[in-house]
Peer 1: 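Structure in structure tokens, see below.
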Amino acid sequence: MAGLQPVKGTYDLLPKDRAIHRKVSETARLTAERFGFNEITTPIFEFSEVFSRTLGETSDVVTKEMFSFETKGNDKITLRPEGTAGIARAFISNALQHETPVKHFYYGPMFRYERPQKGRQRQFHQVGLELIGVDTPQADIEVIAAGYQFLSELGFADVVTLELNSLGDTESRDAYRSTLVDYLKGHYDNLSEDSKTRLETNPLRILDSKDKGDKEIVKDAPLLGDCLNETSQAFYDAVKHGLDLLGIPYTENPRLVRGLDYYCHTAFEFTTETLGAQGTVLAGGRYDGLIKMMGGPQTAGVGWAAGVERLALMLGEDCVELPRPIVMIPVSADQQDEALKLSHRLRQQGFIIDQGFSGNMKKRLNRANKANACAAILVGEDELARGCVTVRNLESGEQSEVSLDALGETLAQFNA
RNA sequence: GCGAUUGUAGCUCAGUUGGUUAGAGCACUGGUUUGUGGUACCAGAUGUCGGGGGUUCGAGUCCCCUCAAUCGCCCCA
């Protein structure tokens, strides 16, 4: 135990923070539903092979970022670093190939053992969606459109750029990889140390290296687009055509690649300048080989995931307001019971009633302000004798006596 | 995993070339007002100076280690 700090890279979501996260996840869910995606929840841990086999043995996620442990039964378990592998596993486990196309939305925590930064934690949250069982570009278009719609709903249409590329099918990508490696070997001595390693593990990654020397070399490197075979090119063109039809703006980025092995054809990222080094806010692509790789039937898939923390940062503190209560204030201890019963009844009717636990009226009104209450119900001896209470509007300061029978009606103007 | 910066009250920060009992504002508690808030005034409480070790007569201040955060690299949402 390192004192009373949360574990490195984790943090608490206090009610205000949680409300912002909820706005992000609910906007995502409602948008997804409009596209016919329904929510699924898979476990936050899986057998380690679910990730290690599918994400690529040499990917950073697998080699250094997995939170893994062993159970008492000697099962090797990993806290999920991303959502797609678990959903593919669920697809197979539940034999959903008989129900394609499958359209899933998800929200939940993910875990990566990384050095924390702003917009990057060890436990973080993603929303995402997966469209499984459709191998035509229409699926890619729908998935990207849903992502764009989601970001637009949050008000980010103008601060976000959609970058698009095609990784092609296996044939195209293999052809390109060898062309690229040949080219890079010609400049081997000038490559950065990182890129020399990547030449072995994931040469495509060198394309978006931030090293200056690498950038110079990469500038004249052969492009993936030039190696696309006819099928892959037609697929890519169809996706672009669809986006054009929908008026979704995009920028082609021939150097956009993916970190995870299972991607093919469409790769896309929505990026922003507003978050520093963590500029990617929503990203995804097509993964036609994934489900088969995991031992299921050959099934196409395309999807994306978005970082909730990053979107929450972009939204800022003032985008949500916590629910505003009506405070119940017994004027003296003698009205305690009456106030308690009244609170109970009003809550059953759907009102948000905040009943304090101590203090005189001044104190209670003070707390009401801090709780951003919209009204106060003052339960006093005099009114009660007349079958009434006093309702005070805490914004205008106006107050009036209301009979208990008409109370619900009067309060309806505040909340229900 | 690598590099740089930072770490004093709940929050934002002062703290003089190392020198007695470590300060301010906001927030908090109580009061002026025993049935009426947001304002004002008065009073009060608050710190393992991130943690550990060292140098020194003396360390918030200097040195080492460690933890965490921030920024960048790597990678990614």
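Since the structure is predicted, the reported quantities are computational estimates derived from the model, not experimental observations.
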Peer 1: Rounded to whole angstrom, note down the P distance from B/U66 over to B/U29.
Peer 2: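 42 Å, rounded to whole Å.
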Peer 1: Counting only side-chain heavy atoms from C-beta out, which of B/A77, B/G38, B/G35 sits nearest to A/E114?
Peer 2: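 Ranking B/A77, B/G38, B/G35 by closest atom to the A/E114 side chain puts B/A77 first.
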Peer 1: Report the relative orientation of the aromatic rings in A/F268 and A/F270; use parallel for angles under 30°, tilted for 30 to 60°, perpendicular for over 60°.
Peer 2: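 Geometry flag for A/F270 against A/F268: perpendicular rings.
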Peer 1: Please report the distance, rounded to the nearest Å, between CZ in A/R367 and P in B/A27.
Peer 2: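 Computing the A/R367:CZ to B/A27:P distance gives 17 Å.
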Peer 1: How about A/D244 and A/Y250: does a side-chain donor come under 3.5 Å of a side-chain acceptor?
Peer 2: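 There is such a pair (donor and acceptor under 3.5 Å, judged by atom type) between the side chains of A/D244 and A/Y250.
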Peer 1: With rounding to whole Å, what would you report as the distance between B/U6 and B/C13 at their C1' atoms?
Peer 2: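 14 Å, rounded to whole Å.
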Peer 1: Identify whether the distance between the nearest side-chain nitrogen and carboxylate oxygen of A/E383 and A/R386 falls below 4.0 Å.
Peer 2: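 A/R386 and A/E383: not salt-bridged.
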Peer 1: Answer with base, sugar-phosphate or nothing: what part of the nucleic acid does A/V281 contact at a heavy-atom distance below 4.0 Å?
Peer 2: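 Answer is sugar-phosphate: A/V281 comes under 4.0 Å of backbone atoms only.
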Peer 1: Give A/R115 one of three labels, base, sugar-phosphate or nothing, depending on what nucleic acid heavy atoms sit under 4.0 Å from its own.
Peer 2: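 Counting heavy atoms under 4.0 Å across all strands, the contact made by A/R115 includes a base.
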Peer 1: Can you tell me how far C1' of B/C67 sits from OH of A/Y11, to the nearest Å?
Peer 2: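 Atom-to-atom, A/Y11 to B/C67, this comes out as 21 Å.
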Peer 1: According to the Watson-Crick and G-U wobble definitions, with both distances under 3.5 Å, which nucleotide is paired to B/G10?
Peer 2: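 Base-paired to B/C26.
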Peer 1: May I have the distance from A/E383 (atom CD) to B/U36 (atom C1'), rounded to whole angstrom?
Peer 2: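 These atoms are roughly 11 Å apart.
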Peer 1: Under 4.0 Å between any heavy atoms, over every strand shown, what does A/K362 touch: base, sugar-phosphate, or nothing? Just pick one.
Peer 2: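 Counting heavy atoms under 4.0 Å across all strands, the contact made by A/K362 includes a base.
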Peer 1: Base of B/G51, side chain of A/Q5 - is there a donor-acceptor contact under 3.5 Å?
Peer 2: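 When only heavy-atom distances are counted, A/Q5 does not reach the base of B/G51 through any donor-acceptor pair under 3.5 Å.
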Peer 1: Are A/T170 and A/R173 close enough that a side-chain donor and a side-chain acceptor fall under 3.5 Å?
Peer 2: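 There is no such pair (donor and acceptor under 3.5 Å, judged by atom type) between the side chains of A/T170 and A/R173.
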Peer 1: Would a distance-only check, ignoring hydrogens and angles, find a side-chain to backbone donor-acceptor pair under 3.5 Å from A/R80 to A/E46?
Peer 2: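 Not at all, since once roles are kept as given, no pair shorter than 3.5 Å links the two residues.
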Peer 1: Identify whether the distance between the nearest side-chain nitrogen and carboxylate oxygen of A/R177 and A/D174 falls below 4.0 Å.
Peer 2: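 Yes.
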Peer 1: I need the CD-P distance between A/E309 and B/U70, as an integer number of Å.
Peer 2: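 About 12 Å, once rounded to whole Å.
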Peer 1: Under a 3.5 Å limit for both distances, which nucleotide forms a Watson-Crick or G-U wobble pair with B/U20, could you say?
Peer 2: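 None - no nucleotide pairs with B/U20, as no candidate has both distances under 3.5 Å.
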Peer 1: Classify A/Q399 by what it touches in the nucleic acid, base, sugar-phosphate, or nothing, heavy-atom distance under 4.0 Å.
Peer 2: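 Touches a base.
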Peer 1: Could you tell me whether the side chains of A/T271 and A/E163 share a donor-acceptor contact shorter than 3.5 Å?
Peer 2: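 Present: a donor and an acceptor within the cut-off.
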Peer 1: In whole Å, measure the gap between the C1' atoms of B/C28 and B/C73 for me.
Peer 2: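 These two C1' atoms come out 43 Å apart once rounded.
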Peer 1: For A/N369, which contact category applies under a 4.0 Å heavy-atom criterion: base, sugar-phosphate, or nothing?
Peer 2: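 Since a base atom lies under 4.0 Å of A/N369, the category is base.
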Peer 1: Under 4.0 Å, heavy atoms only, any strand: does A/Q335 hit a base, just the sugar-phosphate, or nothing?
Peer 2: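 Nothing, no nucleic acid heavy atom in range.
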Peer 1: Reading RNA chain B from 5' onward, which residue's closest nucleotide shows up sooner: A/D382 or A/R112?
Peer 2: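 Whichever sits nearer the 5' end wins; that is A/D382.
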Peer 1: Take atom C1' in B/U55 and the same atom in B/A45, then report the distance between them in whole Å.
Peer 2: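 About 37 Å, rounded to a whole number of Å.
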Peer 1: What is the separation between atom CZ on A/R386 and atom P on B/G35, rounded to the nearest whole Å?
Peer 2: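 Taking CZ of A/R386 and P of B/G35, I get 16 Å after rounding.
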Peer 1: Donor-acceptor pair under 3.5 Å: do we get one between A/R392's side chain and the base of B/G37?
Peer 2: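 Donor-acceptor pair under 3.5 Å: yes.
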Peer 1: Quick one: label A/G128 by what it contacts on the DNA or RNA (base, sugar-phosphate, nothing), any heavy atom closer than 4.0 Å.
Peer 2: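 Nothing: the residue A/G128, judged by heavy atoms under 4.0 Å, touches no strand.
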Peer 1: Scan A/L394 against the nucleic acid and name what it touches under 4.0 Å (heavy atoms): base, sugar-phosphate only, or nothing.
Peer 2: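 Base contact.
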Peer 1: Closest-nucleotide mapping onto RNA chain B: is A/D194 or A/Q121 further toward the 5' terminus? I mean the 5' end.
Peer 2: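 Counting from the 5' end, the first nearest nucleotide belongs to A/D194.
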Peer 1: In whole Å, measure the gap between the P atoms of B/G19 and B/U39 for me.
Peer 2: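 About 39 Å, rounded to a whole number of Å.
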Peer 1: Write down the partner of B/G1 under the Watson-Crick or G-U wobble criteria, each distance required to be under 3.5 Å.
Peer 2: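 For B/G1, the partner nucleotide comes out as B/C73, under the 3.5 Å rule.
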Peer 1: Does A/A283 reach a base, just sugar-phosphate, or nothing at all? Heavy atoms under 4.0 Å.
Peer 2: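 Result for A/A283 = sugar-phosphate.
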Peer 1: Looking only at side-chain N and O atoms, does A/T410 offer a donor or acceptor that is under 3.5 Å from a partner on A/Q413?
Peer 2: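 No, because no side-chain N or O of A/Q413 sits under 3.5 Å from a partner of the opposite role on A/T410.
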Peer 1: Taking atom C1' in both B/A27 and B/U46, compute the distance separating them and give it to the nearest angstrom.
Peer 2: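 Here B/A27 and B/U46 have their C1' atoms 12 Å from each other.
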Peer 1: Looking across every strand, which nucleic acid part, if any, lies under 4.0 Å from A/N360 by heavy atom: base, sugar-phosphate, or nothing?
Peer 2: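 Answer is nothing: A/N360 stays at 4.0 Å or more from every strand.
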Peer 1: B/A68 phosphate, OP1 or OP2: any side-chain N/O from A/K8 under 4.0 angstrom?
Peer 2: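 Indeed, a polar side-chain atom of A/K8 lies that close.
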Peer 1: Could you check whether the side chain of A/Q117 and the base of B/G72 have a donor-acceptor pair of N or O atoms closer than 3.5 Å, going by distance alone?
Peer 2: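 Such a pair exists between side chain and base.
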Peer 1: Nearest whole angstrom, please: distance from the C1' of B/U33 to the CG of A/L365.
Peer 2: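 Distance check: A/L365 CG to B/U33 C1' gives 13 Å.
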Peer 1: To the side chain of A/K363, which of B/A77, B/U36, B/G30 is closest?
Peer 2: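 Given the options B/A77, B/U36, B/G30, the side chain of A/K363 is closest to B/G30.
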Peer 1: Between the side chains of A/E269 and A/T280, is a donor N or O closer than 3.5 angstrom to an acceptor N or O?
Peer 2: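 Yes - a donor-acceptor pair under 3.5 Å links their side chains.
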Peer 1: Between B/U34 atom C1' and A/E381 atom CD, what is the distance in whole Å?
Peer 2: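 Rounded to the whole Å, the gap is 14 Å.
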Peer 1: Under 4.0 Å, counting only non-hydrogen atoms across every strand here, what does A/G9 touch: a base, just sugar-phosphate, or nothing?
Peer 2: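 Sugar-phosphate contact only - A/G9 comes under 4.0 Å of backbone atoms but never of a base.
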Peer 1: Checking base pairs now: Watson-Crick or wobble, both atom distances under 3.5 Å. What partners B/C41?
Peer 2: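 Its partner is B/G31.
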Peer 1: NA contact type, A/L378, heavy-atom cut-off 4.0 Å: base, sugar-phosphate, or nothing?
Peer 2: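 Base, at least one base heavy atom under 4.0 Å.
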Peer 1: Base, sugar-phosphate alone, or nothing: which one does A/G119 contact when heavy atoms must sit under 4.0 Å apart?
Peer 2: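 A/G119: base contact, heavy atoms under 4.0 Å.
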Peer 1: Side chain of A/A305 only, please: which of B/G35, B/A77, B/U70 is the nearest?
Peer 2: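 When the side chain of A/A305 is considered, B/A77 is the closest of B/G35, B/A77, B/U70.
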Peer 1: Take atom P in B/U8 and the same atom in B/U61, then report the distance between them in whole Å.
Peer 2: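 Going atom to atom, P in each nucleotide, I get 13 Å.
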Peer 1: Quantified in whole Å, what is the P atom distance between nucleotide B/G25 and nucleotide B/C64?
Peer 2: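 Looking at atom P only, B/G25 and B/C64 are 36 Å apart.
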Peer 1: Measure from CZ on A/R120 to P on B/C74 and round the result to the nearest Å.
Peer 2: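 In whole Å, B/C74 P and A/R120 CZ are 10 Å from each other.
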